[in-house]
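We use all heavy atoms of the structure for the numbers below, so side chains are in, but hydrogens, waters and symmetry mates are not.
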Amino acid sequence: MTDRIEMTEPDELTLDDLFERLERMPVPEGYKVEIVEGSVHTSPQRRTHWKIIRKVLRQLEGHLGEEAEIDSDVRIDFPGHLNGFAPDLVKIADGATPDSRGLFSPNDIELVVEVISRSTAANDYGPKLRTYASSGVPAYLIVDPYVGRSRLFTHPKDGDYGRDLTVDFGEEIDLSDTPVGLTLSTENFPRD
């Protein structure tokens, strides 16, 4: 046994290789790890971050039922160069089944919610936005507790989103024309 990580040529690495290596590394408790365009990103889970995720989760479960397939910080492999994202919340389509590795397909996703961290905000508004759009994710919600605002991207087409709605905390987010079909309250979303 060795603690050393044997390096492979970057062209030969797969997401499974990278995540296997990450599992052997001492990632601090309470940190989320993702691979975005081949780069490893870690971000701490903050209390404000979790409170927002929990508020969204409760509303989704209240509308869709507790049996709805909703995951948090669970790996999903996306098209592009080494994209292994772990969205803060993801609603999976009813009846979808994971593959032999236990992973859902991007085609199974109905909604992604990301609560930004200062250190990874550029990913949420950049590579992840583009990847979710090009993968056809019907609704992508970015919640920003630093400015007290959310942005909802819907109607993906040709690698971009056709609609971009900005909503201040305290206002409702209308998801009624998406597969999740609800209006989300931001009334009590905390700020950082």
Side-chain angles (χ1 to χ4, degrees), residues 32 34 36-37 41 43 45-46 48-66 68-76 78-80 83 85-94 96 104-192:
K32 176 169 101 169
E34 295 183 293
V36 179
E37 295 183 332
H41 296 269
S43 58
Q45 293 287 44
R46 299 169 331 281
T48 299
H49 191 99
W50 170 240
K51 286 179 179 183
I52 292 171
I53 293 168
R54 193 176 72 206
K55 288 178 183 301
V56 174
L57 174 61
R58 286 180 174 165
Q59 291 180 69
L60 287 171
E61 286 183 338
H63 178 73
L64 302 168
E66 290 184 16
E69 187 70 54
I70 303 170
D71 290 335
S72 178
D73 294 340
V74 175
R75 173 183 164 192
I76 298 174
F78 285 88
N83 285 320
F85 302 163
D88 290 324
L89 277 179
V90 61
K91 166 57 176 87
I92 304 296
D94 295 342
F104 284 102
S105 164
N107 296 329
D108 298 330
I109 297 173
E110 295 181 337
L111 168 69
V112 169
V113 179
E114 297 282 10
V115 181
I116 71 159
S117 298
R118 283 194 170 113
S119 62
T120 59
N123 287 338
D124 295 328
Y125 286 108
K128 284 183 169 185
L129 174 64
R130 291 188 300 274
T131 301
Y132 292 145
S134 65
S135 298
V137 172
Y140 174 37
L141 177 63
I142 299 174
V143 181
D144 187 338
Y146 302 105
V147 297
R149 189 171 291 137
S150 299
R151 285 182 68 187
L152 175 64
F153 299 90
T154 58
H155 299 86
K157 185 178 178 185
D158 300 328
D160 200 4
Y161 280 105
R163 293 191 188 158
D164 174 359
L165 173 68
T166 300
V167 175
D168 290 329
F169 281 14
E171 297 176 8
E172 293 183 335
I173 301 170
D174 186 2
L175 292 159
S176 60
D177 69 340
T178 72
V180 294
L182 82 141
T183 300
L184 189 68
S185 171
T186 66
E187 185 66 35
N188 296 309
F189 280 11
R191 293 181 62 151
D192 254 348

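The shortest distance between side-chain heavy atoms of Asp177 and His155 falls below 4.5 Å. At least one side-chain heavy atom of Leu60 sits less than 4.5 Å from a side-chain heavy atom of Leu111. For the pair Val74 and Val90, the minimum side-chain heavy-atom distance is 4.5 Å or more. For the pair Lys128 and Pro87, the minimum side-chain heavy-atom distance is 4.5 Å or more. No side-chain heavy atom of Asp71 sits less than 4.5 Å from a side-chain heavy atom of Ile76. Counting heavy atoms from C-beta outward, Thr178 and Glu110 have side chains that stay 4.5 Å or more apart.
Looking at Tyr140, its side chain does come within 3.5 Å of a backbone N or O of Asp124 through a donor-acceptor pair. Looking only at distances, no side-chain donor or acceptor of His49 sits under 3.5 Å from a matching main-chain atom of Ser117. Between the side chain of Ser176 and the backbone N or O of Gly181 there is no donor-acceptor pair closer than 3.5 Å. Ser135 places no side-chain N or O within 3.5 Å of a backbone atom of Val137 that could act as its donor or acceptor partner. Checked by atom type and distance alone, the side chain of Asp192 never pairs as donor or acceptor with a backbone atom of Pro145 at under 3.5 Å. Judged by distance alone, with hydrogens and angles left aside, the side-chain atoms of Tyr161 form no donor-acceptor pair with the main-chain N or O of Leu152 at under 3.5 Å. Side-chain atoms of Thr186 come within 3.5 Å of backbone atoms of Gly170 as a donor-acceptor pair (strictly under, hydrogens ignored).
The line from CZ of Arg54 to CD of Gln59 is 12.0 Å long, rounded to the nearest 0.5 Å. To the nearest 0.5 angstrom, Leu175 atom CG is 12.5 Å from Lys91 atom NZ. We find the CZ-CD1 distance between Phe189 and Ile53 to be 10.5 Å, quoted to the nearest 0.5 Å. Atoms CD1 and CD1, from Ile70 and Ile92 in turn, are 9.5 Å apart once rounded to the nearest 0.5 Å. Note that CD of Glu69 and CG of Leu64 are 12.0 Å apart. Values are rounded to the nearest 0.5 Å. Note that the CG atom of Asp144 and the CZ atom of Arg118 stand 8.5 Å from one another [nearest 0.5 Å].
Across all their heavy atoms, Phe104 and Ala96 have their closest contact at CE2-O, 3.5 Å. Closest heavy-atom contact between Tyr146 and Ile116: CE1-O, 3.7 Å. The minimum heavy-atom distance linking Pro79 with Pro106 is given by the pair CD-CG, 4.1 Å. The two residues Phe169 and Ser150 come nearest to each other via the heavy atoms CE1-OG, 3.7 Å. Nearest heavy-atom pair across Asp168 and Arg149 is OD1-NE, 3.0 Å.
A ring pair (Phe, Tyr, Trp, His ring centres under 6.0 Å) with Tyr132 is found for one member of Phe153, Phe85, Tyr125 and no other, namely Phe85.
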